[in-house]
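Encoded as structure tokens, the structure appears first; notes follow it.
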Amino acid sequence: MTTNDTATLQNDTIKHTTCYECDANCAFTVTINPEGVATNVEGLPNCPRGQLQLERQYHPDRLLYPLKRVGPRGSGGFERISWDEALTTIAEKLEEGKQQHGAPAVGFFAGYTKEARPQLQRLAHAFGSPNYLTESGCCFSSTMVAEKLTFGYKVKTTSTVSSPKTRCVLVWSTNASGSIPPFENHHLNEKKRGRKMVVVDPRRTETAELADIHLQIRPGTDGALALGFHHLIFENGWQDQDFLDEWANGLEAFREYIKDFTPSRVAEICGIDEADLRAAVEMFATELPSQIAMSPTSTVQHSNGFQNHRAMILLSASLGMIDKEGGNRFFNDKVLPKPIEMFDVCLKELPPRIGDEVFPIWTKYWPAAQSMLMPDCILEGKPQKLRTLLAMGINTAMWANSKRMERALGELDFFAVSDFFHNPATLQADIVLPAATSLERSALIAYPGCAYQGEVKYRRQALPPRGEAKPDAQIFLELGVKMGMADQFWNGDLDASWAEMAEGLPDEVREEAYEKPEGVTVYSDVIDELVDAGYMDADRQWRLHGFKTVTGKIEFDSQELREQDYDGLPLYKEPVESPVSSPDVFADYPLVLTSGGRQKYFTHSQQHNIAKLLDFDPKPRIQIHPTDAAARGIKHDDKVEVSTRRGMVTFYADVTDVMKPGVVHCFHGWNEANVNDLTDDSCLDPISGFPAFKSLLCEVKVSDTTA
């Protein structure tokens, strides 16, 4: 019995492992019978995705063998081939693309799962292509870049961690019951004595139901609301002026700009009550310490999302609540595995990445190319031509105007992909490879944790792969070997690649992580630095290092943005599509469309083929207010057509007063009812390149077809 086995009971084996139905890496145990079949999981309370993961493990539609396309792209015509033929074909086609058009014309894309990203990125850069791309082109990275540019540190990563000192929490467009394990039991979904709560969200979510004040804003107006908060904070003298005098850059210009964001104007822009706005600001600014709890994406998936997010996070700075216990804490790196991605080679030796040409701030801070530009690259050759693609876990539903991305994949010279199941992207591929699940693969996991504390785990393989499935990382190592780079790819030994990454860990951490299935807790060195400097309170790192920005201060007016010809101030701009900015469009599409509210049953498009999870939410739904539904003759559960300038998709009406009147919300991830067939890929945020998934215009009507 290995160190990963905890017991053998009545011929069953119980193993410790970690879940990957999302990327939280929660620990659990799996029971395996004598035939090697997993029969039960335990230790994932209140998480239906984790509890039902064996339904996906043994799903009859799971991809189990390498496939080669035999019909037209998109037809679903495939035949089984050997691994040798599959890998040989891919290696030859990648090399052919390189020889004919140059290595940058070959792209390497990583979606879910994320664990094999180091190996895939290494393959891209060893091959000579700078164009390693990920789903982070529309998720998380924009908030991180905005925070690093403004403060020199990340803050979102720690923003939903509970502090007993917090007296007011401003929950900005996140709903823990659908998105943050342990969901309903998360501290943001609990009424806490002595803690006030303000929620900003177009929907009256479970979290908003608990709020003292709910600001139900029009989607995309977050920046105006944040600037309105600032206006009242400075007007009433609630700011921490001593802190700002020492640590704020560009404050005078910022204060001049926010004068125009009066309560009456902001209330009109956002569609909220002025009295509620005033009360919310006073609560947040005077019940100190106060904290902003944020989503990784909801504030930045707008046409001006990057600057909107900057305006929002600067509220913590105005109140002196930045990196202060009870406020918004800096996120610190802990001990980290050794990098194997060869990103240094990309930066020093390879041509510009896709996005360097148009989003230089984003690519400066994010170690990948901007994937939202892939359709332009393939179809128009702008800003670079992309002709060949190797991908894992790709789904066209991730892109705005998804049908255009689907068409782009169909026009590639060659396209290979690994996944668990077919989806609209795999149907365009020339070669489809079967991916091993997290139960079938090993991985070294460095979980970020909170401000100072994280975890390192080594997950050992719990089950043999079904059929001929292989770990994505193993596939990429074998491709490296096929292309004559065996020495750089550990001769195809996956465990050896994890072992090299683990060399970056202190000996005792590495040994404990490999020995203990539950992993080992690690801490940031800055705690000792603070103590050594005589600070016994482990916060306010700026007392030691200032702010790691270009000025060493908080960037209210960003010098770095100005140097790249962007606005240095977090200026508010209306969404490109809105009742205000595009009245001609609004005349035909008079409802504001937002999308992507999280549910604990699904991770994006994953799990939508699990029958027991579909029992919880069986249909693709659009949430619409009763007033808007009645005006259109729509009844609850009617089949409805949702239309934008990009097209039409059929959903089922969820008539509910949780929605703000005039606003509708579509859940995402349904391949058969993909809301991103309706979203706009032509007006990306000018700094991050993120699409406006959450603030567009649409119309809804009863479908002409029967349900």
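It should be emphasised that the depicted structure is a prediction, and the values quoted were computed from it without experimental measurement. Side chains are part of it too, since the values below use all heavy atoms of this structure and drop only hydrogens, waters and symmetry mates. Here, residue 1 is the first one in the sequence, and each next residue gets the next number.
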Are Arg387 and Gln100 linked by a side-chain donor-acceptor pair shorter than 3.5 Å?
-> no
Geometric class of the Tyr514/Tyr458 ring pair [parallel <30°, tilted 30-60°, perpendicular >60°] = parallel
Distance under 6.0 Å and angle within 45° of the ring axis: does Arg441 meet both against Tyr20?
-> yes
Salt-bridge test for Glu455 and Lys516: reply yes if a basic N is under 4.0 Å from a carboxylate O, no otherwise.
-> no
For residues Phe108 and Phe127, establish whether the separation of their ring centroids is below 6.0 Å.
-> yes
Flag for Asn395-Ser605: side-chain donor and acceptor within less than 3.5 Å | yes
Would you please test Phe602 and His604 for ring pair (Phe, Tyr, Trp, His ring centres under 6.0 Å) and show each step?
-> CA-CA 6 Å; Phe602 311 113; His604 307 304; over 10 Å; no
How far does CZ of Arg598 sit from NE2 of His668, to the nearest 0.5 angstrom?
-> 4.0 Å
May I have the step-by-step check of salt bridge (charged side-chain N to carboxylate O under 4.0 Å, His left out) for Lys600 and Asp617, ending in yes or no?
-> CA-CA 11 Å; Lys600 68 177 183 178; Asp617 194 4; over 6 Å; no
Sub-6.0 Å ring centroid separation between Phe420 and His59 = no
May I ask you to check whether Thr603 and Arg49 show a side-chain donor-acceptor distance below 3.5 Å?
-> yes
Does NZ or CZ of Arg122 lie under 6.0 Å from the centre of the six-membered ring of Phe489, at an angle within 45° of the ring axis?
-> yes
Before accepting this row, confirm whether a basic side-chain N of the pair Asp637/Lys619 lies closer than 4.0 Å to the acidic partner's carboxylate O.
-> yes
Could you tell me whether Lys93 atom NZ has more than 12 heavy atoms of other residues or ligands within 6.0 Å of it?
-> no
From the list Arg466, Gln461, Gln57, side chain to side chain donor-acceptor pair (under 3.5 Å) partner of Glu440 resolves to Gln57
Test salt bridge (charged side-chain N to carboxylate O under 4.0 Å, His left out) applied to Lys382 and Asp376, step by step = CA-CA 5 Å; Lys382 299 177 182 178; Asp376 292 343; over 6 Å; no
With side-chain hydrogen bond (donor to acceptor under 3.5 Å, both in side chains) as the test, would you mind laying out the steps for Thr31 and Asp12 before giving the verdict?
-> CA-CA 7 Å; Thr31 301; Asp12 284 348; over 6 Å; no
Are any of the side-chain heavy atoms of Lys470 and Pro465 separated by less than 4.5 Å?
-> no
Kindly indicate, with the supporting measurements, whether the criterion ring pair (Phe, Tyr, Trp, His ring centres under 6.0 Å) is fulfilled by Phe109 and Trp399.
-> CA-CA 13 Å; Phe109 177 84; Trp399 277 264; 5.4 Å; yes
Salt bridge between Glu135 and Arg117, side-chain N to carboxylate O under 4.0 Å?
-> yes
